[in-house]
Amino acid sequence: MINSLQDTVTLHNGIKMPIFGLGVYKVDDGKTVVESVKTAINHGYRSIDTASFYDNEIGVGQAIKESDIAREDIFVTSKVWNDEQGYESTLQAFERSLKKLDLEYLDLYLIHWPIKDTYKETWRALEKLYTDGRVRAIGVSNFNVNQLQDLLADCNIKPVINQVEFHPHLTQVELRNLCKQENIQLEAWSPLKRGRLLEEPTILKIAKQYQKSAAQVILRWDLQSQVITIPKSITKERIIENADIFDFSLTDEDMESINQLNRNDRSGKDPAIYE
């Protein structure tokens, strides 16, 4: 049973990562992202996921500084963008992100997308950042089965995370099986399919049984699927509502009903375009 917002998953390098966090994709830098992150932290969130591409690392860092929570108690993730990839350029991109966030280290640094003929050099840079103690854990984002297997074939340090689009219309069964086999934690972005799942009849029926919202049922399904999730919101009410999922559990029947909604349908890009 997952009991609280601060519950963690132990990654394969021993680092503990909160199973639930706040994503800030397309959240404007400045007051909007500062208030969103501070609201989340004030209501118990301990994981914040940003990226250089989001162009809001400055505000995320400001919010963390202005919170009453110690830096070591907040898990901060950022990512290296596509045009920053390569060995030296990734090291430089990391320094830029760290400077914008105004932090001394990152908890997790990810390759944002698997740019062909580049991601292995990028991964070498992440391995250096990890061995140098600049980041506590390293991983990838948006790697499909072929790309992940290719990286695993000759990496020195295995990714701890693969952050991918994951929701009831895209359950990523083959990829999840590979990640489980390799002890790589799956993490979901766009867990609500950018709002497109909130009127799904099966989910609404289950939500009614528990007197919960459709979003809460989907996010609970994520956690019971052993997938870390980072829903995005900029409103106080929704940030609080999204996290109110620790007072109920879905049955095995509920879980299977949601699993059956899979259509292999994406709201974002297919990583295969980079192959």
Side-chain angles (χ1 to χ4, degrees), residues 2 5-27 37 40 45-54 60 74-81 106-114 119 123 126 130 135-145 147-148 151-152 157-194 197 215 218-233 242-243 245 258 262 266-271:
I2 302 158
L5 195 52
Q6 278 94 47
D7 279 2
T8 59
V9 171
T10 301
L11 306 176
H12 71 66
N13 69 340
I15 297 298
K16 295 182 182 298
M17 179 177 182
I19 197 167
F20 195 92
L22 180 74
V24 295
Y25 175 55
K26 288 190 174 179
V27 179
V37 173
Y45 287 66
R46 294 295 179 266
S47 177
I48 309 297
D49 181 277
T50 185
S52 63
F53 180 70
Y54 301 170
V60 168
I74 300 176
F75 194 99
V76 183
T77 301
S78 194
K79 312 174 191 77
V80 56
W81 185 240
L106 286 180
D107 296 282
L108 179 63
Y109 198 46
L110 306 178
I111 299 177
H112 208 144
W113 286 91
Y119 62 72
W123 186 251
L126 265 63
Y130 178 72
V135 59
R136 298 175 69 221
I138 53 176
V140 296
S141 181
N142 300 304
F143 276 54
N144 64 22
V145 168
Q147 293 153 345
L148 188 56
L151 183 66
L152 290 171
I157 300 170
K158 187 186 296 187
V160 296
I161 287 276
N162 188 11
Q163 183 188 116
V164 298
E165 182 175 355
F166 175 84
H167 46 67
H169 284 172
L170 185 67
T171 56
Q172 302 265 30
V173 175
E174 185 183 4
L175 181 62
R176 288 167 69 188
N177 288 339
L178 174 62
C179 287
K180 185 175 182 180
Q181 175 186 322
E182 296 291 343
N183 198 18
I184 296 170
Q185 175 64 49
L186 203 74
E187 181 177 12
W189 63 258
S190 194
L192 307 179
K193 201 182 179 186
R194 298 177 179 171
L197 279 163
I218 294 167
L219 296 172
R220 184 71 204 183
W221 171 79
D222 279 1
L223 301 192
Q224 289 185 218
S225 299
Q226 299 181 317
V227 175
I228 292 173
T229 189
I230 46 170
K232 165 214 164 182
S233 182
N242 283 346
I245 58 173
I258 298 172
N262 182 51
R266 298 176 180 273
S267 65
K269 292 185 292 188
D270 187 339

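When a residue number appears, it is its place in the shown sequence, counting from 1. Predicted model only: the values in this text are computed from it and were never measured.
Rounded to the nearest 0.5 Å, atoms NE2 (H12) and CD1 (I157) are 9.0 Å apart. Here the CG atom belonging to L148 is positioned 5.5 Å from the SG atom belonging to C179, to the nearest 0.5 angstrom. Here Q172 contributes atom CD and N177 contributes atom CG; the two are 11.0 Å apart, rounded to the nearest 0.5 Å. Rounding to the nearest 0.5 angstrom, the gap separating the NZ atom in K158 from the CG atom in L11 is 13.0 Å. From E182, atom CD reaches atom CG of L152 across 5.0 Å, with rounding to the nearest 0.5 Å. The line from CD1 of I111 to CG of L151 is 6.0 Å long, rounded to the nearest 0.5 Å.
You'll find the side chain of T171 reaches within 4.5 Å of the side chain of W221, heavy atoms only. Between V37 and V27 there is no side-chain heavy-atom pair separated by less than 4.5 Å. At least one side-chain heavy atom of N242 sits under 4.5 Å from a side-chain heavy atom of Y45. Considering only heavy atoms from C-beta on, Q185 stays 4.5 Å or farther from M17 through its side chain. At least one side-chain heavy atom of P271 sits under 4.5 Å from a side-chain heavy atom of W113. Residues P168 and I218 form a side-chain contact, since some pair of their non-hydrogen atoms from C-beta on lies under 4.5 Å apart. With contacts defined as side-chain heavy-atom distances shorter than 4.5 Å, the pair S47/I19 does not qualify. Residues I15 and F75 meet the side-chain proximity criterion, which asks for heavy atoms closer than 4.5 Å.
Among residues two or more places apart in sequence or in another chain, the salt bridge (charged side-chain N to carboxylate O under 4.0 Å, His left out) test is passed with D49 by K79. Residues that satisfy the salt bridge (charged side-chain N to carboxylate O under 4.0 Å, His left out) test with R266, not counting sequence neighbours, are D270.
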Working for side chain to side chain contact (heavy atoms under 4.5 Å, CB included), residues V160 and L108: CA-CA 9 Å; V160 296; L108 179 63; 3.9 Å; yes
What's the verdict on side chain to side chain contact (heavy atoms under 4.5 Å, CB included) for L219 and L192, showing C-alpha distance, side-chain angles and the deciding distance?
CA-CA 8 Å; L219 296 172; L192 307 179; 4.2 Å; yes
Would you please test F20 and I245 for side chain to side chain contact (heavy atoms under 4.5 Å, CB included) and show each step?
-> CA-CA 10 Å; F20 195 92; I245 58 173; 3.6 Å; yes
Worksheet item: Does the pair L186 and S225 meet the rule for a side chain to side chain contact (heavy atoms under 4.5 Å, CB included), with working shown?
Response: CA-CA 10 Å; L186 203 74; S225 299; over 6 Å; no
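Within a 6.0 Å radius of CD in Q226, no more than 12 heavy atoms belonging to other residues, nucleotides or ligands are found. Other residues, nucleotides and ligands contribute only 12 or fewer heavy atoms inside 6.0 Å of the NZ atom of K180. Heavy-atom contacts from other residues, nucleotides or ligands closer than 6.0 Å to NZ of K16 number 12 or fewer.
Relative ring orientation between H112 and Y54 is described as perpendicular, the plane-to-plane angle rising above 60° on a 0-90° scale split at 30° and 60°.
Donor-acceptor pairing under 3.5 Å is recorded for the side chains of K193 and H169.
Each salt bridge (Lys or Arg N to Asp or Glu O under 4.0 Å) pair with one or both residues in residues 163-178, not counting sequence neighbours, would appear here, but there are none.
The shortest heavy-atom contact between P231 and G21 is CD-O, 3.4 Å. Among all heavy-atom pairs drawn from N162 and I184, the shortest one is N-CG2, 3.7 Å. When all heavy atoms are compared, the tightest approach of L175 to N144 is CD1-C, 3.9 Å. Nearest heavy-atom pair across L126 and G139 is CD2-O, 3.7 Å. For I230 against A188, the heavy-atom pair with the smallest separation is CG1-O, 3.3 Å. The shortest non-hydrogen separation linking S78 to S52 is OG-N, 3.7 Å.
The distance between the ring centers of Y130 and W123 does not fall below 6.0 angstrom.
The closest donor-acceptor contact from the side chain of R194 to the backbone of S267 lies under 3.5 Å.
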